[in-house]
There are 2 protein chains.
Amino acid sequence: MSVKHALLALLEQQPMYGYQLRVEFEQRTGTTWPLNVGQVYTTLTRLERDGLASAEGEDAEGHLIYRITDAGRDEVATWFTTPVSRTQPPRDELAIKLALAVTVAGVDVGTVIQQQRSATMAALQDYTRLKRQAGSSTVAPAEPAEPADLAWSLVLDSLVFGAEAEIRWLDHCEARLRRAAVERSAAPTTSAPASERSTR
Amino acid sequence: MSVKHALLALLEQQPMYGYQLRVEFEQRTGTTWPLNVGQVYTTLTRLERDGLASAEGEDAEGHLIYRITDAGRDEVATWFTTPVSRTQPPRDELAIKLALAVTVAGVDVGTVIQQQRSATMAALQDYTRLKRQAGSSTVAPAEPAEPADLAWSLVLDSLVFGAEAEIRWLDHCEARLRRAAVERSAAPTTSAPASERSTR
DNA sequence: ATGGCTATGTATACCGGGTATGTGTTCGGC
DNA sequence: GCCGAACACATACCCGGTATACATAGCCAT
C-alpha cells in the first residue's frame, strides 16, 4: 500500500503523468527502492478505478496527466495522520529463517548467524559509503539543501538503523543460544536459577 | 520467498500434510505472522510444480502427504547457508511516508513523527507483555523450554529490536529536521540563492 | 437429541505488489 | 547519418496474501 499512497501524495503537489511520478519518487528514495515503471501505471489505473485520482487528458507534450480527487486528498491526509501499525508487521525473512534454524535438526545455527552478520556488516558499510557520496554532491555544506536530498538521506539513515538493529539481534541470538546450550548440558533436571542479566 | 522455504525446511524434518505444516509454522512464529491456510496449499502446489516436493498419496486418516525431494533438500541447504541480501530490502512503508512528508508541502512532519513514535512505543509494550506471557508458560515445570518456544521468543526479540531501532530513527529524524529548520532560518543566503527554492 | 460452536482439513477465487518485457519516440554524441 | 541512452506508456505474468466456500468431527449446553 505504500506505493499507492506515495503516488497519491505526489499528485497532491501537482497533476503529473506516469513517468514523472516515477522520477519524483526515486528522487526521494534514491537507489533504495527502484520503482518499476509498470507498477506506476497499474497503480494509477487502480487509483482512478477507486476514485482517488482521475486522468485529465493530455498536456502540451501529449502526456496523460493524472489529477488527485477530493477523496484522494482525504486518503493522503489519513495516511499521514495514521501511524503504520506494527500489529501485523511484514514477514521478516531473517527472523523466520532463524526460527526455523533453531527448530529443525541438522542446521548449524551458529554458522547461519555468523554469515548473516558479515553480510549485514557489509551492507552497513555500503550505506555509509552512500552517505558520504550523498554528502559530496553538495560540495561545501554537509547538510543537504534540497528537500529531496534530505528525504533520501533520512531513508539511508533508516537502513542504517535497521541494519544495526539486525546485528544487535544476531548477537543477542547467539548469546541466548550459547546460554541455552550451557544450561541444557549443565543442569538437565533441576530448576536452575533463571537469573537473566545480559551484558548490554 | 520466506514462506516457501520455511515449508520446505519443515518438510525436511518429516513428510507432512498442509494443515499440519501451518500448525508447525505458527508454533515457531506465534501470533506474529499468522499463516493463512490457503497460502500453504498454493505454495505446496508450486513446490510440487518446481520439483522441490512431491505429493505422496494419503496417510491412514486420508491426508494428502507431501514429501521433500532431493532438489528440495538442496534448496533448503542453500537457503540456510546464503544470508538474506540487504541490497534490495523490502519497501519500508514508514520510511517512504517520512520521505514523502518532508518533501510535499502542507504536511506537519513533527506530528507524523510523534504519532508514529507513540504507536511504536505501544507496540513495544505489547511485545514485552507477550514476552512475559511466553515466559510464564514454563513456570512450574522444570521442562527446559521447547525449541519451538525458543524460536518464538527469538522472533519476539526481533520485533523488539526492530521497534527500538524505529524509535531511535524517529528521534534522529526529529533532531535532523529541527537542525535543518534552524539553519534555514539563520543563514538563508550564504552563496547560492538559486539552490533554495527550485521546486521542479 | 439436537442445535450450535469450535477445531480440523482442503480448495479456489481474487487482488495487489513486483518484475520482465514489448513498443515506440526523441535527442545528443561520435 | 547512425547508435545508444533517456523518455514514455502498456501489458503479461508470477508470487504473496486474504477471503471464502465446503466438509467433517467432537464437544457442550439447553
Side-chain angles (χ1 to χ4, degrees), chain A residues 1-8 15-27 29 31-50 52-53 55-66 75 79 84-85 87-93 95-96, chain B residues 1-8 15-27 29 31-50 52-53 55-66 75 79 84-85 87-93 95-97 200:
Chain A
M1 294 278 106
S2 49
V3 171
K4 162 184 157 186
H5 286 112
L7 296 189
L8 260 187
M16 284 172 160
Y17 54 90
Y19 196 87
Q20 196 179 359
L21 281 166
R22 183 206 175 192
V23 172
E24 295 286 333
F25 181 88
E26 293 204 342
Q27 269 187 4
T29 56
T31 57
T32 311
W33 300 298
L35 181 56
N36 190 291
V37 206
Q39 197 171 350
V40 176
Y41 296 104
T42 53
T43 305
L44 280 175
T45 60
R46 277 180 222 129
L47 285 177
E48 186 169 30
R49 180 201 58 188
D50 298 341
L52 303 177
E56 289 280 310
E58 306 181 348
D59 67 351
E61 284 86 18
H63 301 136
L64 183 55
I65 299 292
Y66 281 86
E75 182 78 12
W79 184 56
V84 312
S85 155
T87 57
Q88 299 291 88
R91 293 210 165 84
D92 181 352
E93 171 148 15
I96 289 178
Chain B
M1 294 279 108
S2 48
V3 172
K4 162 183 156 185
H5 287 111
L7 296 189
L8 260 188
M16 284 173 159
Y17 54 91
Y19 196 87
Q20 197 178 358
L21 280 166
R22 182 205 177 194
V23 172
E24 294 286 332
F25 180 88
E26 294 204 342
Q27 269 187 5
T29 58
T31 58
T32 311
W33 300 298
L35 181 55
N36 191 291
V37 205
Q39 198 172 348
V40 176
Y41 296 103
T42 54
T43 305
L44 280 175
T45 60
R46 278 181 221 128
L47 285 177
E48 187 169 29
R49 179 202 58 187
D50 299 340
L52 303 177
E56 287 281 311
E58 306 182 348
D59 67 351
E61 284 84 19
H63 302 135
L64 182 56
I65 299 291
Y66 281 85
E75 182 78 13
W79 184 57
V84 313
S85 156
T87 58
Q88 298 291 87
R91 293 211 165 84
D92 181 352
E93 171 148 15
I96 289 178
K97 191 189 281 194
R200 187 197 176 275

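Every chain is numbered from 1, with letters handed out A, B, ... down the list of sequences. All values reported here derive from a predicted model rather than from experimental measurement.
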Spell out, as yes or no, whether a donor-acceptor pair under 3.5 Å connects the side chain of A/E93 to the backbone of B/V84. no
Nearest-angstrom distance from the residue atom [atom1] of [X] to [atom2] of [N]:
X	N	atom1	atom2	result
A/E26	D/dA8	CD	C1'	14 Å
A/L44	C/dG16	CG	P	14 Å
A/L47	C/dC15	CG	P	16 Å
A/I96	D/dG17	CD1	C1'	13 Å
B/H63	C/dT8	NE2	C1'	7 Å
A/L7	C/dG18	CG	C1'	14 Å
B/Y19	C/dT10	OH	P	10 Å
A/L64	D/dA10	CG	C1'	12 Å

Starting the side chain at C-beta, find the nucleotide from [options] nearest to [X].
X	options	result
B/Y17	C/dG9, D/dA19, D/dT11	C/dG9
B/R91	D/dG17, C/dG18, D/dA8	C/dG18
A/N36	C/dT19, C/dT8, D/dA6	C/dT19
A/Q39	C/dT19, C/dT10, D/dC9	C/dT19
B/R46	C/dA7, D/dG16, C/dG18	D/dG16

Close side-chain approach of A/R91 to B/L35, heavy-atom, < 4.5 Å: yes
Worksheet item: Are B/Y41 and C/dA11 close enough that a side-chain N or O sits under 4.0 Å from OP1 or OP2?
Response: no
Comparing nearest nucleotides in DNA chain D, the 5'-proximal residue of the pair B/P34, B/D50 is B/D50
- Polar side chain donor-acceptor pair, A/H5 to A/E75, under 3.5 angstrom: yes
So CE of A/M16 and CG of A/L21: to nearest 0.5 Å the spacing works out to 5.5 Å
Closest non-hydrogen contact found for A/W33 with B/I96 is CZ3-CG1, 3.8 Å
The answer to which of A/K4 and A/G38 contacts DNA chain C further toward the 5' end, by nearest nucleotide, is A/K4
Within the structure shown, what part of the strands sits under 4.0 Å from A/V3 by heavy-atom distance: base, sugar-phosphate, or nothing?
sugar-phosphate
Q. Which part of the nucleic acid, if any, lies within reach of B/R49 when heavy atoms closer than 4.0 Å are counted: base, sugar-phosphate only, or nothing?
A. sugar-phosphate
